[in-house]
Amino acid sequence: MKTILLLCFIFIFLGTQAQPSPPNIFIITLDGFRWQELFHGADRELLTDTSLVKDTALMCQQYWHPEPEERRKKLLPFFWTVIARQGSLYGNRDHGSDMNVANFYKISYAGYNEIFTGFADLAFVPNSPVYNRNTNILAFLDMQEAYAGKVAAFSSWNLMPYILNEKENRFPINSGYEMVEEGEDSVAVMINRLQLAGTGKGNTRHDLLTFAGAKTYIEQQHPKVVYIGLGETDEFAHKGRYDQYLQKAHQFDQMMAELWYYVQTDPFYKDNTSFVITTDHGRGRKYNWNKHGFWIKGSGETWLAMMGPSVKSAGEIKTKQQLYQKQIAATVAGLLGKSFHAPHPVARGLVIPTE
């Protein structure tokens, strides 16, 4: 009898040990970053325009190459040396891989609503502090047993608490120049001092501060679902600063490289974490590259990058297809083995090829 009981205990123990941890996911957005720069690199005409770039010679040294494949790698080395080899990149319209917003407005509130709710709402909210009436994927996941209390969001843009409806949802959202929780953490203290000391604060916090706060939280709390929204590309585009727009995109790429390295060297996240990276809207072309909205052609053209254990290493997708931003929410759920349901319509997720 003792032998039987011992064997039963061993089998139960081994069965418990064999259960894999539910997968993790990081959703990351780069506000208003065009597919043209992602897939082509810096635009020669814009790069040499002295009204848009303060030092054209220096910027050309940094980001120009006559071959698009090399040029885009100079701007975004992590995307093109890691994601392009280990993940999938959608949205190169040169190959018919079209990705668009489905919403009519082609501005940030509508774009983020579409990304997170899977629904292109007809209601117009002009980038203002209005609590979103739609159910978002982060709130949905926070209600699931495996992810309850393990969801967090960080955003440079101060309207994200309204888009994600902080009032109705319980997961933490840190945005704009909100202070990060300090405790006894010296890094958090330093971040808050820098935020307090900053001048000329607008609606968008410096991305480096947002990223530092998010990474500190990730290292300490190990959330399973994380959103990081960075926004300085859009800020500098609206100011007509193509040089700073490129610099912030390059900085973003470096932050993604740092975050991926951390994820792959932390036992909690290693080989069990996916990245979903996208943008909220596109921009105009050439002379109106700095603008976007329903009246600007090109504003609805977006892109998507994914990498992780459930994503095939397909690289740059060259299959002709039409994808929409509203499919991202269900895709995120699918990567976690869930099916996203909400009181409003939710677009079906992407069919993701697996190994």
Side-chain angles (χ1 to χ4, degrees), residues 27-35 99-139 153-169 173-178 200-207 210 227-242 244-245 248-249 278-285 287-304 324-329 342-347:
I27 307 163
I28 306 154
T29 58
L30 183 58
D31 200 298
F33 187 62
R34 303 194 308 171
W35 72 271
M99 186 155 194
N100 289 73
V101 303
N103 72 79
F104 176 71
Y105 307 106
K106 302 175 180 64
I107 60 174
S108 290
Y109 194 111
Y112 289 119
N113 168 75
E114 188 177 334
I115 290 170
F116 288 105
T117 70
F119 175 53
D121 201 333
L122 288 175
F124 177 57
V125 181
N127 289 348
S128 56
V130 175
Y131 285 106
N132 196 348
R133 63 185 182 179
N134 302 315
T135 301
N136 67 74
I137 183 63
L138 300 180
F154 295 82
S155 171
S156 294
W157 194 32
N158 65 359
L159 287 187
M160 199 55 66
Y162 296 92
I163 298 170
L164 297 177
N165 202 340
E166 186 178 54
K167 183 175 64 173
E168 297 294 331
N169 301 311
I173 305 171
N174 180 276
S175 70
Y177 282 92
E178 282 185 274
K201 297 175 186 177
N203 295 327
T204 301
R205 173 170 55 192
H206 290 299
D207 287 339
T210 300
Y227 167 58
I228 303 175
L230 303 176
E232 285 189 291
T233 41
D234 189 68
E235 290 293 306
F236 282 108
H238 281 299
K239 294 175 182 177
R241 291 293 306 278
Y242 191 66
Q244 288 297 318
Y245 168 81
K248 292 303 176 181
T278 190
T279 188
D280 56 325
H281 55 73
R283 315 197 75 83
R285 301 164 186 160
Y287 73 93
N288 62 358
W289 70 276
N290 60 321
K291 301 175 182 178
H292 64 91
F294 71 89
W295 64 93
I296 302 292
K297 191 173 183 180
S299 298
E301 299 169 354
T302 59
W303 50 268
L304 172 68
Y324 289 98
Q325 193 178 62
K326 63 183 180 180
Q327 295 178 263
I328 293 174
H344 51 74
V346 174

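Computed over heavy atoms, backbone and side chain alike; hydrogens, waters and symmetry mates excluded.
Between Ser299 and Gly293, the closest heavy-atom pair is OG-N, 3.0 Å. The two residues Tyr324 and Met99 come nearest to each other via the heavy atoms O-CE, 3.6 Å. The heavy-atom pair separating Thr279 from Leu30 by the smallest distance is OG1-O, 2.7 Å. Closest approach of Glu232 to Thr204, counting heavy atoms only: N-CG2, 4.4 Å. Of all non-hydrogen atoms in His292 and Ser108, the two that sit nearest each other are CE1-N, 4.4 Å. Scanning both residues, Gly231 and Asp31, for their nearest heavy atoms gives CA-CB, 3.7 Å.
Using the six-membered ring where Trp is involved, Trp157 and Tyr112 have ring planes that are tilted, between 30° and 60° apart.
Looking at heavy atoms from C-beta onward, Trp303 lies in side-chain contact with Phe33 at the 4.5 angstrom threshold. For the pair His206 and Tyr177, the minimum side-chain heavy-atom distance is below 4.5 Å. For the pair Thr210/Ser155, no side-chain contact is recorded, criterion being any heavy-atom separation below 4.5 Å from C-beta on.
Rounding to the nearest 0.5 Å places CD1 of Ile228 at 10.5 Å from CD1 of Ile27. Here CG of Asn113 is found 9.5 Å from CG of Leu164. Values are rounded to the nearest 0.5 Å. Considering CE of Met160 and CG of Asn132, their distance stands at 10.5 Å, rounded to 0.5 Å. The line from NZ of Lys248 to CG of Asp207 is 6.5 Å long, rounded to the nearest 0.5 Å. Going from atom CG of Asn165 over to atom CG of Leu138 covers 12.0 Å, rounded to the nearest 0.5 Å. With values rounded to the nearest 0.5 angstrom, Ile296 atom CD1 is found 13.0 Å from Ile107 atom CD1.
Scanning for side chain to side chain donor-acceptor pair (under 3.5 Å) contacts around Tyr105 gives an empty result, with sequence neighbours left out. Listed by chain and residue number, Tyr242, Tyr245 satisfy the ring-ring contact (aromatic ring centres under 6.0 Å, His included) test with Trp289 (two or more places apart in sequence, or in another chain). For Glu178, the side chain to side chain donor-acceptor pair (under 3.5 Å) partners at least two apart in sequence or on another chain are Ser175. For the side chain to side chain contact (heavy atoms under 4.5 Å, CB included) test, residues two or more places apart in sequence or in another chain that qualify with Val125 are Tyr109, Ser128, Val130. Every residue meeting the side chain to side chain donor-acceptor pair (under 3.5 Å) condition with Asn203, not counting sequence neighbours, appears here in chain and number order: Asn158. Not a single ring-ring contact (aromatic ring centres under 6.0 Å, His included) links Phe236 to another residue, sequence neighbours left out. In this structure Tyr162 satisfies the ring-ring contact (aromatic ring centres under 6.0 Å, His included) test together with Tyr131, sequence neighbours excluded. Checked against side chain to side chain contact (heavy atoms under 4.5 Å, CB included), Ala139 has the following partners two or more places apart in sequence or in another chain: Asn136, Asn169, Phe171. The salt bridge (charged side-chain N to carboxylate O under 4.0 Å, His left out) test applied to Glu301 returns Arg93, Arg285, not counting sequence neighbours. Residues satisfying the salt bridge (charged side-chain N to carboxylate O under 4.0 Å, His left out) test with Asp234, not counting sequence neighbours, are Arg283. Partners of Thr29 under the side chain to side chain donor-acceptor pair (under 3.5 Å) rule, at least two apart in sequence or in another chain, are Tyr227.
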Let's go through Asn103 and Gln325 carefully: what are the C-alpha distance in whole Å and the side-chain angles of both, what is the deciding distance for side chain to side chain contact (heavy atoms under 4.5 Å, CB included) to 0.1 Å, and is it a yes or a no? CA-CA 9 Å; Asn103 72 79; Gln325 193 178 62; 4.0 Å; yes
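Exactly one residue among Asp280, Ile115, Val101, Ile328 makes a side-chain contact (heavy atoms from CB on, under 4.5 Å) with Thr302. That residue is Val101.
Applying the salt bridge (Lys or Arg N to Asp or Glu O under 4.0 Å) test to residues at least two apart or on different chains, the pairs with a partner in residues 105-123 are Asp121-Arg133.
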